[in-house]
J.: 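Pasting a structure below so you can have a look.
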Amino acid sequence: MKLDEDLGPDREEEFQTDDEENQAQRVCKEDFQDDDTDSQSDHPSRNHSGNDNDTNAILWPQSYRRSIDMLTSFTPPSLSFLKGTSSTHISSSLTTVYKRPHQSSEHDYSLNQSLISLPSVDEKDRPPSEKFQAQTPKSSCTKFSVSELPLKEECSFIQAIVNGINVLCGIGILTVPYAIHQGGWSSLILLFLISVVSAYTGILLKRCLESSPGLKTYPDIGQAAFGVYGRLAIAIALYVDLYASCVEYIIMMSDNLASLFPHAEAYISGFHLSSHQIFAVASTLIVLPTVWLRNLGLLAYLSVGGVVASILVVLCLLWVGTVDEVGFHATGTAINLVNLPFTIGIFGFCYSGHSVFPNIYSSMKEPSKFPAVIIASFVFCFSIYAGTAVSGFMMFGDSIKSQFTLNMPTKFMATKIAVWTTVVNPMTKYALTIMPVSLCLEELLPSSKRTSYSIAIVIRTVLTLSTLVVALTIPFFGFVMALMGSLLAMLMALIFPCASYLRLLNGRLSKLEIGACWFTIVLGIFCSIIGTYSAIGELANERG
């Protein structure tokens, strides 16, 4: 094994830890080695290195950054990941490569170095961010379908705000009136406090990214702070969250379609299917072909319309309350301590966009403006969440359901527009949401199977059908959202950003910063425990 000068303390290279970029450079290197046998003889061959499995273990998931970019990008690239392409095509389509100072050729170094560099004399004294630079492999010797994901264009300040709002202002807006019903009017204070704390931890993620030039995504932060297991834990939590979101999409589409056609039912082989079950199956069959698409570029553009869809649904709610004369009425209690933890889970879900914040930061033309992006996004989302919560609860009172569209009288045109918007919008987002989960599973396949079109189809089909099974088993929209908010959102939005910040900037923080982080961690743990307990209790009541 060759240890060159790059492992020394004077290194100036900016590592591209986003692993798709590693792959682009690896392909370029392979092309170069075909023409330059002298350079190939200076470095160990990829077959001789024998580090494939270890590289996968450290770098998994390699597909995270660009697959998440597709989910929220205001300027999304085209995506063609189900069809195999040659390495020369891939290398020509990717424009970002490594930059090494003081070298005449960008290819003049080995792409098959040891995964974990040998420690230098002062390795124990180095901060975690620098250790991450020294230990992060420069490339992965594997090929999988994500190699066809092109690089995302840099976005402007306004585009970054739109991306941030698109992440935060999602399906949670349908449930905030129900959350007020559960926790009482005083829970609006919690909505504000969670918004402030979540915005603060979003800014902490920026500082974590700045602790090392190699950090690009949330899993990168996990690896830098807590090693390989930190990366794996964060990645798994993020993918579970995406999977649960797809389950919510199925429940949401079936509930709203059933509200329009409540008398639909069927008997198949002696089994009775209710309207909710029929439309859950129908919704799944509709979205299934979209997960097979070779190019998701159009869906990526449509998914940005989620912001417009959310605003449209809120406008329809206000229209029904004013023009259609449903009216607004004083109702509810000041506070309901018994159900308040359930409300906390829903509010946590509403502000759980932290998994994408590092991607937005990394894609900005002016990353220094990221705090302003966070503040603008949270101010907008808090305003629309609070306005919707107050309006919806005052309109429908204690009869409010987990989705306010289910309370809106179906005889009004505004109701039909709102309901169909909540049905169509998830159809454009489903494939983009399940795609990162599918890609991460494809990475675990043997290298010879990762570019197989048929295997990709099978994985995506199985994942989609599994979300249907879960949705039919637990068809409770509010429960799933509260559970996600308590278990996953508190971890990803409150606990882990603060823990990573303390770890990566150890010794460089003031007592006030340390105290604020520990307070947020304790708050997140407390809210997670009581919120999970309350959500499970709500499920028991629904089952009863």
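Just so you know, these numbers use all the heavy atoms, side chains as well, and skip hydrogens, waters and symmetry mates. Position 1 is the first residue of the sequence; numbering continues from there.
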J.: Suppose we screen for ring pair (Phe, Tyr, Trp, His ring centres under 6.0 Å). Which residues come up paired with Phe192, at least two apart in sequence or across chains?
T.: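 Counting only residues at least two positions away or on another chain, Phe192 forms a ring pair (Phe, Tyr, Trp, His ring centres under 6.0 Å) with Phe382.
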J.: Determine whether Leu463 and Leu441 satisfy the following criterion, side chain to side chain contact (heavy atoms under 4.5 Å, CB included), listing intermediate values before the conclusion.
T.: CA-CA 10 Å; Leu463 277 174; Leu441 294 178; 4.0 Å; yes
J.: Is there a side-chain contact between Leu312 and Cys316 (heavy atoms, below 4.5 Å)?
T.: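 Answer yes - side chains close enough.
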J.: Between the side chain of Ser363 and the main-chain N/O of Ile360, is any donor-acceptor distance below 3.5 Å?
T.: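 Checking the backbone N and O of Ile360 against the side chain of Ser363, a donor-acceptor pair under 3.5 Å is found.
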J.: Verify, without hydrogens or angle tests, whether Thr467 (side chain) and Val247 (backbone) share a donor-acceptor contact under 3.5 angstrom.
T.: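 No, the answer is negative, given that no donor and acceptor are paired below the 3.5 Å cut-off.
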J.: Ignoring hydrogens and angles, tell me if any N or O in the side chain of Thr201 forms a donor-acceptor pair with the backbone of Ser198 under 3.5 Å.
T.: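 Side chain of Thr201 to backbone of Ser198, a donor-acceptor pair under 3.5 Å: yes, one is there.
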J.: What side-chain donor-acceptor pairs closer than 3.5 Å can you find for residues 518-526, not counting sequence neighbours?
T.:
from: Thr520; atom 1: OG1; to: Ala516; atom 2: O; distance (Å): 2.8

J.: Apply the test side chain to side chain contact (heavy atoms under 4.5 Å, CB included) to residues Met484 and Asp241: give CA-CA distance (whole Å), side-chain angles for both, the deciding distance (0.1 Å), then the verdict.
T.: CA-CA 7 Å; Met484 290 170 61; Asp241 182 64; 3.4 Å; yes
J.: Rounded to the nearest 0.5 Å, how far apart are CD1 of Ile311 and CD1 of Ile165?
T.: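 The distance works out to 7.5 Å.
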J.: Side chain of Thr175, backbone of Ser402: donor and acceptor closer than 3.5 Å?
T.: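 At least one qualifying donor-acceptor pair exists.
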J.: So which pairs with a foot in residues 488-501 pass side chain to side chain donor-acceptor pair (under 3.5 Å), sequence neighbours left out?
T.: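 Listed once each, the pairs are Arg207-Tyr501, Tyr501-Glu513.
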J.: Who pairs with Ser486 by side chain to side chain donor-acceptor pair (under 3.5 Å), at least two apart in sequence or on another chain?
T.: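 Partners of Ser486 under the side chain to side chain donor-acceptor pair (under 3.5 Å) test: none.
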J.: Contact between Leu318 and Ser391 at the side-chain level, heavy atoms closer than 4.5 Å - yes or no?
T.: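 In contact.
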J.: Parallel, tilted or perpendicular: which describes the rings of Tyr351 and Phe378, with under 30° parallel and over 60° perpendicular?
T.: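 Parallel, since the angle between the ring planes stays under 30°.
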J.: Does Arg460 reach the main-chain N or O of Ala456 with its side chain, forming a donor-acceptor pair under 3.5 Å?
T.: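 Indeed, once roles are kept as given, a pair shorter than 3.5 Å links the two residues.
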J.: Would you mind listing every ring-ring contact (aromatic ring centres under 6.0 Å, His included) that reaches into residues 214-233, with sequence neighbours excluded?
T.: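 Listed by first then second residue: Tyr218-Phe496, Phe226-Phe496.
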J.: Quick check on Ile189: does its CD1 atom have over 12 non-hydrogen neighbours (other residues, nucleotides or ligands) under 6.0 Å away?
T.: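 It does not: Ile189 CD1 has 12 such atoms or fewer within range.
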J.: Just to verify, what does Thr322 make a side-chain contact (heavy atoms from CB on, under 4.5 Å) with, not counting sequence neighbours?
T.: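 Per chain and number, Thr322 pairs via side-chain contact (heavy atoms from CB on, under 4.5 Å) with Phe328.
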J.: Any sub-3.5 Å donor-acceptor pair from Ser195's side-chain atoms to Leu191's backbone N or O?
T.: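 No.
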J.: Mind checking what makes ring pair (Phe, Tyr, Trp, His ring centres under 6.0 Å) contact with Trp319, not counting sequence neighbours?
T.: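 If we apply the ring pair (Phe, Tyr, Trp, His ring centres under 6.0 Å) test to Trp319, skipping adjacent residues, there are no hits.
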J.: For Phe349, does its backbone N or O pair with a side-chain atom of Ser352 as donor and acceptor, under 3.5 Å?
T.: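 Answer holds: yes.
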J.: If the condition is side-chain contact (heavy atoms from CB on, under 4.5 Å), which residues does Ala389 pass it with, not counting sequence neighbours?
T.: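 Scan of Ala389 (side-chain contact (heavy atoms from CB on, under 4.5 Å), adjacent residues dropped) gives Val176, Ile180, Leu188.
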J.: When you measure from the side chain of Asp220 to the backbone N and O of Thr217, does any donor-acceptor pair fall under 3.5 Å?
T.: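 Yes, because the side chain of Asp220 sits within donor-acceptor range (under 3.5 Å) of the backbone of Thr217.
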J.: Going by salt bridge (Lys or Arg N to Asp or Glu O under 4.0 Å), name the residues that satisfy it together with Lys369, two or more places apart in sequence or in a different chain.
T.: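 Partners of Lys369 under the salt bridge (Lys or Arg N to Asp or Glu O under 4.0 Å) test: Glu366.
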J.: With Phe477, which residues qualify under ring pair (Phe, Tyr, Trp, His ring centres under 6.0 Å), at least two apart?
T.: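 Checked Phe477 against ring pair (Phe, Tyr, Trp, His ring centres under 6.0 Å); zero matches.
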J.: Quick check: do Cys517 and Leu204 have side-chain heavy atoms less than 4.5 Å from each other?
T.: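 Yes, close enough: below the 4.5 Å cut-off.
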J.: Decide yes or no for Ser355 and Met492: does some side-chain heavy atom of the first lie under 4.5 Å from some side-chain heavy atom of the second?
T.: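 No, every pair of side-chain atoms sits at 4.5 Å or beyond.
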J.: Any side-chain heavy-atom pair from His354 and Leu205 closer than 4.5 angstrom?
T.: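 His354 reaches Leu205 side chain to side chain.
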J.: Taking salt bridge (Lys or Arg N to Asp or Glu O under 4.0 Å) as the cut-off, I'd like each qualifying pair that reaches into residues 185-206, sequence neighbours left out, listed once.
T.: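 Salt bridge (Lys or Arg N to Asp or Glu O under 4.0 Å) check on residues 185-206 returns Lys206-Glu210.
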J.: Side-chain contact, heavy-atom cut-off 4.5 Å: Val314 with Ile384?
T.: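 Answer yes - side chains close enough.
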J.: Do Asn256 and Gln403 touch side chain to side chain, with heavy atoms closer than 4.5 Å?
T.: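 Yes; the side chains approach each other to less than 4.5 Å.
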J.: Would you please name every residue forming a ring pair (Phe, Tyr, Trp, His ring centres under 6.0 Å) with Tyr243, sequence neighbours left out?
T.: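 In terms of ring pair (Phe, Tyr, Trp, His ring centres under 6.0 Å), with neighbours along the sequence ignored, Tyr243 is linked to no residue.
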